[in-house]
Amino acid sequence: MAPSTTVGQISLPRQQRRLLQPIHSPKHKRVTATPPAGLIQELFGGDAPQLLKPRSASDETLAVHAGEKLGKDADEALTDSIATPIVSGTTHWFKSSEDLIAFKEGRRHSHEYGRYSNPTVKVLEDKISALERAEATLVTSSGMNAIVTTLLALVPSGGHVVTTTDCYSEARAFIGDRLSKMSIRSTFIDLDDIESLEAILEKDEVTLFYADSPTNPLLKCVDIRLVAELCHRKGTLVCIDSTLASPINQKPLTLGADIVLHSATKYMAGHHDVIAGCVSGSEALISKIRAWHHDLGGAISPNAAYMIIRGLKTMALRVEAHNRTALEMARLLEYHPKIERVHYPGLESNPWHQVAKSQMTGYGGVVSFEVKSDLCGTMRFVDALEIPLIATSLGGCESLVQQPAVMSFWGKDAEEKAKNGIKDNLVRFSFGIEKFEDLRDDILQALEKI
């Protein structure tokens, strides 16, 4: 067996030997670093440039690092893993009774039980808060769970909810059918007649205004600044479902909304492989919603939370691709002889363009359009497409297509469809991140089939 060796017996290069010497060795000299300003002065003399002022991190950087390296509690994970650990334990232990009391009194941040909080989920919540410019975020098991929990937490018995006829269909059903059984009134207004909101606010005491912006599938936009101003004069809360925009394209809280919701299943997760929801706002409002969430039990699994964290890291890149492809395709379809009308707020001809332009940095990956054909002719177009999948949902890497009259309103009568603006020839196309030219050629060849 070879004799054991020590560091001192190994022949090392001079620089490595210096690094291994004790810190108090006489060969270690204390060197005072030159301040940055002084260093720049030395390099540039009297022509030293102005130092750049500190700037806040961009959405691209926040999507990657917020909640982790840039999180306010990032050092509590006590790990040097670049990837956020998946903490799958359902319960967390305390070192002593004193440690438990410190947690209960808020002097020590920790976790107690998985239905209340989880370290992996906390990273996700902090990341979304940073992107939304929110004080706090609650992540839930689905977008619908986020909607229901928010409504139950913020609207008491005897309260009044005003929403739009264009809001998410299941949210609309819950507000109109379920809340009425809890002695909560609801009023539905048309986004084309926003003046009616002002009249309702003057006449009645309204607890909460709830709306999607953009809407699905016609992509109408709420003037969030205007609505917030009108509502706040009367003490009414404003809640915006911003799923079809994503936090990259729109930040309702910075426009005056009190609460912003998302189906995190869509652009946030971005891969059609996880279901979740989230709600962001002030610490006071999210605390109320979180208390109800504890009772309702809509907790997300740590594994699902990790998948959304991973998805968020590329969200800015994906949304940029969605925006670019959708806008180019909308402009192309607008002048195609086999298209009657295109619904996309990024088009200057769109009636919602000015509102969208004032509050969005991009217009999203969903484009709806009406084909010059009937129900069956539109079905032939959809079936002739080769790249997109016939499916519901949006915001993923794969392009999806659906004919709302068949997908969401099959079996509904003409009056119901007309009330929701659904025509037999309407197509909703959720563009993925495939190459634009491939999608363009596919759509053009499918249009030749009708």
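For this chain, numbers begin at 1 and follow the sequence in order.
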Asker: Kindly compute the distance separating CG (D223) from CG (L197), expressed to the nearest 0.5 Å.
Answerer: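 So the gap between those two atoms works out to 11.0 Å.
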Asker: Going by salt bridge (Lys or Arg N to Asp or Glu O under 4.0 Å), K220 matches just one of D166, D193, D212. Which one?
Answerer: D166
Asker: Of K127, R310, E68, which is the lone residue that meets side-chain hydrogen bond (donor to acceptor under 3.5 Å, both in side chains) with T84?
Answerer: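 Per the side-chain hydrogen bond (donor to acceptor under 3.5 Å, both in side chains) rule, the option paired with T84 is E68, out of K127, R310, E68.
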Asker: Do R290 and E125 pass the salt bridge (charged side-chain N to carboxylate O under 4.0 Å, His left out) test, and can you show the C-alpha distance, the side-chain angles, and the key distance before you say yes or no?
Answerer: CA-CA 12 Å; R290 193 180 297 276; E125 291 177 340; 3.6 Å; yes
Asker: Taking P214 as the fixed residue, which of V222, L219, V366 is the one that meets the side chain to side chain contact (heavy atoms under 4.5 Å, CB included) rule?
Answerer: L219
Asker: For a quick check under 3.5 Å, do H160 and T187 share a side-chain donor-acceptor pair by atom type?
Answerer: yes
Asker: Got a salt bridge between R225 and E229, using NZ or NE/NH1/NH2 to carboxylate O under 4.0 Å?
Answerer: no
Asker: Below 4.0 angstrom, N of the basic side chain to O of the carboxylate: do K234 and E202 qualify?
Answerer: yes
Asker: Yes or no on salt bridge (charged side-chain N to carboxylate O under 4.0 Å, His left out) for K417 and D424, after CA distance, side-chain angles and deciding distance?
Answerer: CA-CA 9 Å; K417 289 192 290 186; D424 288 345; 3.0 Å; yes
Asker: Please name the pair of heavy atoms, one in Y363 and one in N323, separated by the smallest distance, quoted to 0.1 Å.
Answerer: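 Taking Y363 first and N323 second, the nearest heavy atoms are N-OD1, 3.7 Å.
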Asker: Side chains of T137 and E132: any donor to acceptor distance under 3.5 Å?
Answerer: no
Asker: Tell me whether the rings of F369 and F381 are parallel (<30°), tilted (30 to 60°) or perpendicular (>60°).
Answerer: perpendicular
Asker: May I ask you to check whether H322 and Y267 place their ring centers less than 6.0 Å from one another?
Answerer: yes
Asker: Does the plane of the ring in H111 sit parallel, tilted or perpendicular to the ring in H109? Use 30° and 60° as the thresholds.
Answerer: perpendicular
